[in-house]
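All remarks here apply to the structure that follows.
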Protein chains: 2
Amino acid sequence: MAALALRRDHAVNAAPVRLRTDPETEVPGVELSGGGTGPRRQRLAPDQRRQQIFACAQRLFNDRPYEDVSATDIAAAAGVARGLVNHYFGNKRGLYLEVVRLNSTVPEMAVAGLPEGSLDQRIDASVHWFLEALERTGGTWLALGSGGMGRDPDLERILVEAENDSVERLLEAMGLAGRHTGQEEVRAMMRVYAQLARSGAREWLLRKTLTRAQAHALLSSTLRVIVKEAIPAI
Amino acid sequence: MAALALRRDHAVNAAPVRLRTDPETEVPGVELSGGGTGPRRQRLAPDQRRQQIFACAQRLFNDRPYEDVSATDIAAAAGVARGLVNHYFGNKRGLYLEVVRLNSTVPEMAVAGLPEGSLDQRIDASVHWFLEALERTGGTWLALGSGGMGRDPDLERILVEAENDSVERLLEAMGLAGRHTGQEEVRAMMRVYAQLARSGAREWLLRKTLTRAQAHALLSSTLRVIVKEAIPAI
DNA sequence: GTACTTGTTGACATACTGCCAATAGTGCTT
DNA sequence: AAGCACTATTGGCAGTATGTCAACAAGTAC
């Protein structure tokens with residue numbers, strides 16, 4: 001298996017048909033040769049090409065489970081050779097993890113605007129804006145937590161990181177950011193609450209078993225009891 | 001692209017050595033030929049063989065993510081030809097789903113014993129027994145909720161079914177089983193709580209960021225506020 | 001126009017899955 | 001005990017997906 005002579009007969013392959021399965025998702029700034037008479041190979045700046053492939057992969061991974069999306073599918077969707085996907089993202093898994101990382105960022109949750117008011121008011125406002133942000137961005141973020149078993153360290157780390165980020169913002173909104181006693185426990189409880197919030201939002205937006213008002217009441221009352229009872233008990 | 005001839009030289013492969021990677025997990029009742037001089041093929045009753053393969057698959061799927069466990073690995077762990085795995089479970093996915101289904105059953109949570117006492121007492125006892133059952137069975141059940149995106153209908157259905165089951169027991173324990181108004185909403189809220197309970201238990205048992213007492217306080221206080229405030233508001 | 005840089009391609013080697021005919025344990029019959 | 005039927009079990013094949021890499025060519029500088 002050492003240095004075996006690679007037989008290479010490029011020109012003999014059956015299909016120079018160049019059917020060029022057209023790119024379905026193009027990057028904003030890129031003009032993909034309009035008439036069909038353009039150059040066979042469109043040579044883009046690495047950033048643009050990478051972003052284009054990423055966009056296609058994101059769409060495909062949102063529709064179908066990981067293993068049902070082949071690298072060939074992604075390449076075809078981007079109108080590009082399969083090898084290019086590996087060139088930019090190493091392997092299929094790397095591309096997938098990058099998509100998940102982007103999708104797992106908490107939708108803004110503009111905390112900056114609510115430092116005033118009583119605790120109950122801040123809780124209410126936080127829940128309100130959380131639901132608001134979710135309603136705008138649609139359910140792509142919510143679809144995350146439903147995977148199976150089989151601990152995947154990389155994937156888990158990404159999700160935990162995103163969760164910690166949202167917890168940090170939530171602490172800030174609750175005015176608990178400056179605490180020092182039992183920091184770790186407080187954050188743990190907030191992570192737990194984050195799961196409830198995600199699940200509650202899912203019942204409302206995805207499964208539609210709760211009205212928005214009911215979801216709001218559920219999320220705010222539980223957050224209230226956690227902040228007022230469970231956390232002080234630490 | 002039709003039937004391109006993949007050059008294949010199977011019979012020339014190096015090892016008919018019959019190294020017989022020994023079965024690592026055996027079924028209780030099965031005596032696997034002790035000396036090494038036993039028959040090359042151990043012929044078992046279908047149920048036993050099936051259970052043995054299942055046990056190996058369960059162990060492997062608990063350690064590594066789905067795609068990192070090949071059917072060859074499972075077969076090797078069971079000391080069996082790879083084809084036999086497909087023979088018993090159809091395909092790798094079927095085996096995986098069966099493992100998930102078993103692992104996702106809620107650990108007993110013996111509800112039968114606590115119909116007496118006030119609501120607060122029942123809540124406290126339920127949480128207590130939930131944590132108790134989890135502590136005994138170890139973290140295999142907890143590892144479930146951490147998967148990625150990519151909605152898999154079958155997998156999701158299994159998890160939802162298990163969740164509904166646990167919700168039903170929880171409703172029974174809370175004395176809410178007989179309700180008729182807003183059944184769907186009550187169940188939805190209980191599903192949301194189930195996510196919180198799972199997450200809280202994970203912080204305690206897996207990540208060890210909460211003490212058992214803290215987890216207990218968190219789970220019971222949130223359950224209390226849901227049953228007493230959010231549900232009556234429906 | 002020519003040379004150079006590097007984005008892009010296609011093929012190869014490998015791995016894994018589902019499938020199936022052939023093989024060989026195991027119990028039953030004679 | 002020998003033969004036989006049943007079927008659990010095996011090994012190999014076909015198809016497909018993946019990662020890698022040398023060659024190709026689009027665009028630019030000269």
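Here is the naming used below: chain letters follow the sequence lines, and residue numbers restart at 1 for every chain. What you are looking at is a predicted structure, and each value in this text was computed from that prediction instead of being measured.
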Inset, instruction - Check whether any side-chain nitrogen or oxygen of B:Y88 sits under 4.0 Å from OP1 or OP2 of D:dT9, and answer yes or no. - result: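 Answer is yes, contact under 4.0 Å.
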Could you go through nucleotides 19-23 of chain C and list every protein N or O atom that sits under 3.5 Å from one of its N or O atoms, giving the distance for each pair?
| residue | atom | partner | partner atom | Å |
| --- | --- | --- | --- | --- |
| C:dT23 | O2 | B:R41 | NH1 | 2.7 |

Inset, instruction - Return yes if some donor-acceptor pair links the side-chain N/O of A:D73 with the main-chain N/O of A:S70 below 3.5 Å, else return no. - result: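 Yes, A:D73 side chain to A:S70 backbone: donor-acceptor pair under 3.5 Å.
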Separation of [X] atom [atom1] from [N] atom [atom2], in whole Å?
X	N	atom1	atom2	result
B:Q42	D:dT9	CD	P	9 Å
B:E67	C:dA15	CD	C1'	14 Å
A:Q51	C:dG7	CD	P	16 Å
A:D68	D:dA17	CG	C1'	13 Å
A:Q52	C:dT8	CD	C1'	13 Å

Inset, instruction - Any pair with a residue in residues 77-92 of chain B that passes side chain to side chain donor-acceptor pair (under 3.5 Å), sequence neighbours left out, goes on the list, sorted by first then second residue, please. - result: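 Counting only pairs at least two positions apart or across chains, no side chain to side chain donor-acceptor pair (under 3.5 Å) contact touches residues 77-92 of chain B.
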Inset, instruction - List for me each residue that meets ring pair (Phe, Tyr, Trp, His ring centres under 6.0 Å) alongside B:Y66, sequence neighbours excluded, and say none if there are none. - result: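 Partners of B:Y66 under the ring pair (Phe, Tyr, Trp, His ring centres under 6.0 Å) test: B:F61, B:Y96.
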Inset, instruction - Name the closest nucleotide to the B:L44 side chain, picking from D:dT10, C:dT9, D:dT9. - result: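 Minimum distance to the B:L44 side chain belongs to D:dT9.
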Legend entry - Closest listed nucleotide, where the reference is the side chain of B:K92 and the choices are D:dA17, D:dT10, C:dG18: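 Minimum distance to the B:K92 side chain belongs to C:dG18.
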Inset, instruction - Decide yes or no, distance alone: a donor-acceptor N/O pair under 3.5 angstrom between the base of D:dT7 and the side-chain of B:R43. - result: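 Result: at least one qualifying N/O pair found.
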Inset, instruction - Kindly write out the residues that satisfy salt bridge (charged side-chain N to carboxylate O under 4.0 Å, His left out) with A:E156, not counting sequence neighbours, or none if the list is empty. - result: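 Here no residue qualifies.
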Inset, instruction - Would you please name every residue forming a salt bridge (charged side-chain N to carboxylate O under 4.0 Å, His left out) with B:E185, sequence neighbours left out? - result: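 Here no residue qualifies.
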Please list every donor-acceptor pair under 3.5 Å in which a side-chain atom of residues 196-205 of chain A meets a protein atom from a residue at least two apart or in another chain.
| residue | atom | partner | partner atom | Å |
| --- | --- | --- | --- | --- |
| A:R202 | NH1 | A:L142 | O | 3.0 |
| A:E203 | OE1 | A:T209 | OG1 | 2.5 |
| A:E203 | OE1 | B:R191 | NH2 | 3.0 |
| A:E203 | OE2 | B:R191 | NE | 2.7 |

